[in-house]
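The structure displayed is predicted, hence computed values, not measured ones.
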Amino acid sequence: QVPLVESGGGLVQPGGSLRLSCAASGIMFDSCDMAWYRQAPGKQRELVAGIERWGITNYADSVKGRFSISRDNDRSLVYLQMSSLKPEDTAVYYCNAQIPGRVNYWGQGTQVTVSA
């Protein structure tokens with residue numbers, strides 16, 4: 001059983017919006033810090049947005065004001081609402097669940113392509 005499964009990726013026009021979802025199973029979701037990372041071809045994987053178990057969020061400078069991360073602990077879901085998308089947002093987006101020093105899970109990734 002895969003602990004994290006992403007969905008919602010696809011092709012979107014520049015300036016458009018997309019919402020990614022990450023479904024967690026088999027983990028203590030409400031004890032985990034959750035995050036979205038992305039990796040574009042030829043680039044390092046980078047943190048996009050994080051939301052720790054108490055709900056405090058943080059964002060990469062490149063997405064501040066455009067992306068919003070949220071979580072639903074009752075449903076063990078984490079979301080990434082993406083707006084005003086740019087071609088440079090094109091990447092594989094990965095969901096991450098972490099209890100620092102104890103647990104670290106990664107989803108399989110979902111492709112987001114921003115192109116006209």
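- Under a cut-off of 6.0 angstrom, the local environment of CD in Q44 is sparse, with at most 12 non-hydrogen atoms contributed by other residues, nucleotides or ligands.
- A chain of hydrophobic side-chain contacts below 4.5 Å, direct or via other Ile, Leu, Val, Met, Phe, Trp or Tyr residues, connects V103 to V78.
- Atoms CG and SG, from L80 and C22 in turn, are 10.5 Å apart once rounded to the nearest 0.5 Å.
- For the pair R19 and Y79, the cation-pi test (distance below 6.0 Å, angle within 45°) is passed.
- Nearest heavy atom pair, residue S17 against residue Q81, reads CB-NE2, 4.1 Å.
- At distances below 3.5 Å, at least one donor-acceptor pair connects side-chain atoms of R71 with backbone N or O atoms of F29.
- Neither L77 nor M34 shares a network with the other; the hydrophobic side chains, linked directly or stepwise wherever heavy atoms of I, L, V, M, F, W or Y lie under 4.5 Å apart, form separate groups for each.
- Contacts of E46 classified as salt bridge (charged side-chain N to carboxylate O under 4.0 Å, His left out), with partners at least two apart in sequence or in another chain: R38.
- Separating the CG atom in L4 from the OH atom in Y94 is a distance of 13.0 Å, to the nearest 0.5 Å.
- Distance check: F67 CZ to L20 CG gives 8.0 Å after rounding to the nearest 0.5 Å.
- Remark: L47 CG to W36 CH2 distance equals 12.5 Å, nearest 0.5 Å.
- D33 places a side-chain N or O within 3.5 Å of a backbone atom of R53 that can act as its donor or acceptor partner.
- Of the possible polar contacts, one joining the E6 side chain to the Q108 backbone as a donor-acceptor pair under 3.5 Å is found.
- The closest side-chain heavy-atom distance from T110 to S7 is not below 4.5 Å.
- Going from atom OG of S31 over to atom CD of E52 covers 11.5 Å, rounded to the nearest 0.5 Å.
- Without hydrogens or angle criteria, T90 side chain to V114 main chain gives a donor-acceptor distance under 3.5 Å.
- Taking every heavy atom of both residues into account, A40 and A91 meet most closely at N-CB, 3.8 Å.
- When the side-chain contact (heavy atoms from CB on, under 4.5 Å) test is applied to Q98, the partners found at least two apart in sequence or on another chain are N96, P100, N104.
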**Request:** Check the pair D89 / K86 against salt bridge (Lys or Arg N to Asp or Glu O under 4.0 Å), numbers first and verdict last.
**Result:** CA-CA 5 Å; D89 295 318; K86 305 173 180 180; over 6 Å; no
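- Proximity of a side-chain donor or acceptor of Y59 to a complementary backbone N or O of I69 within less than 3.5 Å is detected.
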